[in-house]
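Let me begin by presenting the structure, written as structure tokens, before commenting on it.
Indexing begins at 1, ligand by ligand and atom by atom, following the structure's order.
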Amino acid sequence: MKEAETPPEVWERISEAGIRVLRIPTPFQVGRVNTYLLEDEPLTLIDSGPNSGKALDELERQLEALGHGIEDLELLIITHQHIDHLGLVDIVAKRSGAEVAALDKLAPFVENFGADAERDDEEAAALMLRHGISEEVVRALRQVTGSFRAWGSKAHVTRPLHDGEPLELRDRRLEVQHRPGHSPSDTVFWDADRRILIAADHLIKHISSNPLISRPLDGSAERTQALVTYLESLKRTRELPADIVLAGHGEPVTDHVALIDERFRLHQRRAEKLYRLILEEPRTGHELAQSLWGDVAVTQAFLTLSEVIGHVDLLVNSGHVRETDDGKVLRYEATADTSVDQLGDLIPGGNPAVERG
Ligand SMILES: [Zn+2]
């Protein structure tokens, strides 16, 4: 989908709010990451880009174009745990002496970045094997994940933020709001006076945010239902009277209610599609991913599996599907021969006017 251009008056509002967008390159498919400079006191940078020389050069160059140096930064805020957002924080913090702020629940992850990586990998591998991905593919993917880790970095969080707390700057007050789902640590920053929400990857205009399966931040072993959690978070964001939502990638969102409703429909439809496949015959998560995405289910095995499991969670929670275990792999099967039309709204309270199509 081609992005509609953002009207100049929207950019004016953003600029009047003292917010500058710096687009920093990443080696990932998603392309550049948006970091936001708040020309305020303290001079604040929200997210920093991945840990690479190229990203650092670009950050420096774009700051200079606005009349600032890295050394001038006084506060760095981390929106969530993904490496395209936090990789440079440590380098920038060391060069500038800036404070580093992150959600309290995220702080230990940032401080110990990389230390739990091996455990993360083991759990992801076990999950993939349980859902029918071959050992060969799992082994190959572990190498890829391992090599990606260098784009991240640990950092020392000097200022833990609490959900609901106001973050006061000279010219603004930002309310810290935890909105887990895309990752367990997604944090958005709400400027109620200006009706601007800085949302990072919680809501992106041109792509639906992947509800990636992730280890809970509190270290518990239980798998969280990432999509279910994400949809709950979206409902809360839908309630905000925002005029502009600034995302971690792509253009600003100027009609978040319509966009969120579109996402609810997308997830409902995707769950219905999966249900249709499960109704035909019991299938593993990986078989379902292959039916929907073909070869991408192999090259992006964990991502597509996260998508499948997230949507099947909706079907399991509503009682239409159950998990069976043959001792080796898990399969999903329908609990009754309910037709797709009879599934109803799988996202309770998601949208009062879900269009079927
Ligand atoms: Zn992300």
Apex the Zn ion (ligand 1); atoms His182 NE2 and His82 ND1; angle rounded to 10 degrees: 90°
Just wondering, is there an N, O or S atom on His80 that's nearer than 2.8 Å to the Zn ion (ligand 1)? yes
If the test is salt bridge (charged side-chain N to carboxylate O under 4.0 Å, His left out), which one of Arg149, Arg215, Arg142 qualifies with Asp120? Arg215
Single hit among Lys205, His85, Arg32 for side-chain contact (heavy atoms from CB on, under 4.5 Å) with His249: His85
Find the distance between CD1 (Ile19) and CD1 (Ile46) and round it off to the nearest 0.5 Å. 7.5 Å
Can a donor-acceptor pair be found, under 3.5 Å and without considering hydrogens, that links the side chain of His182 to the backbone of Asn210? yes
Is there an N/O/S atom in Asp201 at a distance below 2.8 Å from the Zn ion (ligand 1)? yes
